[in-house]
Amino acid sequence: MPDVYHAPAHRPWTAGALGLMAAGGVALTAWLLERLGWAPVALFLARAGVGLLWLIPLRFAVAAAEVRGWGALLGIRQRIPWLLLVWLGMVRDAVNTFLPVARVGGELVAIRILRLRGVNAATAQASVIVETSVTLALQIIITLCGIALMLPLAGIDAPLPQLLGGVALAAAVVAGFVVIQLRIGLAQFADRTLGRVLRAIGGRGLPLVPSLDRKVMSLYRHRAVLARCAFWQLAGFAGGAVEIALMAALMHIPLTWVQVFVFEALIQAVHSVAFVVPGALGVQEGGFVGLAVLLGVAPDAAFSLALGRRLRQCAIGLPVLVSWQWHEWRIRRLSSAQAAPTGG
């Protein structure tokens, strides 16, 4: 019988907290829009007009680039169509963006669909875990670079020892994660941390397989595959920066490439920190406005950039979620047909 996805039943206190955070995010967005004024924001969006539709194929290109690194870790591109991997990557992003799953539900959905396609459970789980680890390490580096570039633009004089201390701290975080995997075992560590979180919100923990640690360590030993994964993750980050630059050009907002890099680097960091807020509602918009103040960009212009990205997320993410639910419906229908008694 196919492995059918069952959404976790959230405990009442968890559902209430998530609802409050989502409502707070909507309220913050509305407050920012009221403070900055509807007219200038509408003017920026009107300047872009239908040009914002170019964000959709650009995002498809970014997703296509990012999954190449994931495909390298899977090592089975002949068995799984590349377009399916692109769709799975977009499902991961949409689930993590729009659903209250602490930015891990998309990975669990992708793993289960891979298993339905005949991929070994350890291979599917290890590929997602290692890719996430590579992404985390790169995000720390990119965030530090963004902070280093932001400080002089904001007129903040940060001593070199403090910057080096931040780099050392980031390196210690990544090194500590690797040591944990070597000493404790990733499966056990994940169950103690992430599994506990999932059970706290009403889920059933992490369905990890016993051979997961061996598969993860095997992937870490393939330096060329890790480098390929990192390259395509960086390509995805560059695509996100190009998206901001394209929106700025369409809205006639003057931004330098340094400002574009800082926006993308630190907004991604804000998204990661605010993983408990569904869709990062209000957090993304507030992050753009806060950075604009530091970078010398008009706050209403930055808010317009945030809304442009939000429109793109909805234009792609919501249909992707619908396609995922249709896929789940087909699985349930097939499961029911196989379970039904045959006449005779």
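Quick note: residue numbers are just sequence positions, from 1. Below, all heavy atoms of this structure are taken into account, side chains as well, without hydrogens, waters or symmetry copies.
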Closest heavy-atom pair and its distance - I56, A315:
CD1-CB, 4.2 Å
Tell me which pairs pass ring pair (Phe, Tyr, Trp, His ring centres under 6.0 Å) where either residue lies in residues 284-308, with sequence neighbours left out.
F263-F288
Can you check side chain to side chain contact (heavy atoms under 4.5 Å, CB included) on E243 and V260, steps first, answer last?
CA-CA 9 Å; E243 178 183 77; V260 168; over 6 Å; no
Is the side chain of D300 donor-acceptor paired with the backbone N or O of V41 at a distance under 3.5 Å, no angle test?
no
What heavy-atom pair brings W70 and S127 nearest, and what distance separates the two atoms?
NE1-OG, 3.1 Å
With I267 as reference, evaluate L305, L291, V262 under the side-chain contact (heavy atoms from CB on, under 4.5 Å) test and give the passing residue.
L291
CG-CG distance between L88 and D93, expressed to the nearest 0.5 angstrom
12.5 Å
Validation row: W87, I113 side chains within 4.5 angstrom (heavy atoms)
yes
Any V86 side-chain heavy atom under 4.5 Å of W82 side chain:
yes
Looking at E264 and F261, would you say the former's side chain and the latter's main chain have a donor-acceptor pair under 3.5 Å?
no
Of E66, E131, R68, the residue whose pairing with Q233 passes side chain to side chain donor-acceptor pair (under 3.5 Å)
E131
Show the numbers, then the answer: is there a side chain to side chain contact (heavy atoms under 4.5 Å, CB included) between M90 and F60?
CA-CA 9 Å; M90 298 179 73; F60 276 105; 3.4 Å; yes
May I have the step-by-step check of side chain to side chain contact (heavy atoms under 4.5 Å, CB included) for L136 and T132, ending in yes or no?
CA-CA 6 Å; L136 173 62; T132 303; 5.6 Å; no
Same cluster for W232 and I140 if Ile/Leu/Val/Met/Phe/Trp/Tyr side chains link at under 4.5 Å?
no
Of all the heavy-atom pairs spanning L36 and P299, show the shortest one and how long it is.
CD2-CB, 3.7 Å
Would Q125 and E107 satisfy side-chain hydrogen bond (donor to acceptor under 3.5 Å, both in side chains), going step by step from the backbone distance to the final call?
CA-CA 9 Å; Q125 293 178 359; E107 280 66 32; over 6 Å; no
Transitive ILVMFWY side-chain link V91 to L84, under 4.5 Å:
yes
With rounding to the nearest 0.5 angstrom, report the OG1 to CG distance, T123 to L219.
8.0 Å
Is V258 reachable from V293 through a run of hydrophobic residues whose side-chain heavy atoms are each under 4.5 Å from the next?
no
Looking at side-chain heavy atoms only, is the closest gap between L45 and M251 below 4.5 Å?
yes
With rounding to the nearest 0.5 Å, note down the distance linking CD in Q284 to CZ in R309.
6.5 Å
Rounding to 0.5 Å, atoms CZ (R310) and OG (S304) come to a distance of 14.5 Å
With side chain to side chain contact (heavy atoms under 4.5 Å, CB included) as the criterion, how do L294 and M150 come out once you've worked through the C-alpha distance, each side chain's angles and the decisive distance to 0.1 Å?
CA-CA 8 Å; L294 294 174; M150 178 199 69; 3.7 Å; yes
Do H252 side-chain atoms and A248 backbone N/O form a donor-acceptor pair below 3.5 Å?
no
Note, V283 side chain near H271 side chain (heavy atom, < 4.5 Å):
no
Close side-chain approach of Q313 and F98, heavy atoms under 4.5 Å:
yes
Under 6.0 Å from the CH2 atom of W257, do we count more than 12 heavy atoms belonging to anything else shown?
yes
Could you tell me the separation between the CG atom of L114 and the CG atom of L74, rounded to the nearest 0.5 Å?
6.0 Å
Over 12 non-hydrogen atoms of neighbours within 6.0 angstrom of CZ in R35:
no
Taking the side chain from T97 and the backbone from A94, do they hold a donor-acceptor pair closer than 3.5 Å?
no
In Å, rounded to the nearest 0.5 Å, how long is the span from CZ of F237 to CD1 of I141?
12.0 Å
Indicate the atoms forming the closest heavy-atom contact of L250 with L52, along with that distance.
CD1-N, 4.0 Å
Does a side-chain heavy-atom distance below 4.5 Å link T143 with Q268?
no
Any idea which heavy atoms bring A72 and R228 closest together, and the distance?
CB-CD, 3.8 Å
For K215 and A126, work out which heavy atoms get closest and say how close.
CG-CB, 3.4 Å
Going hydrophobic residue to hydrophobic residue with side-chain gaps under 4.5 angstrom, can you get from L83 over to W326?
no
Would you indicate whether the side-chain heavy atoms of L28 and E285 approach each other to under 4.5 Å?
no
Cluster question for you: counting only ILVMFWY and a side-chain heavy-atom cut-off of under 4.5 Å, with indirect links fine, are L53 and I316 together?
yes
Does the structure place the NZ or CZ of R92 under 6.0 Å from the centre of the six-membered ring of W324, at an angle of no more than 45° from the ring's axis?
no
Using a 4.5 Å cut-off on heavy atoms from C-beta on, say whether the side chain of L234 contacts that of I142.
yes
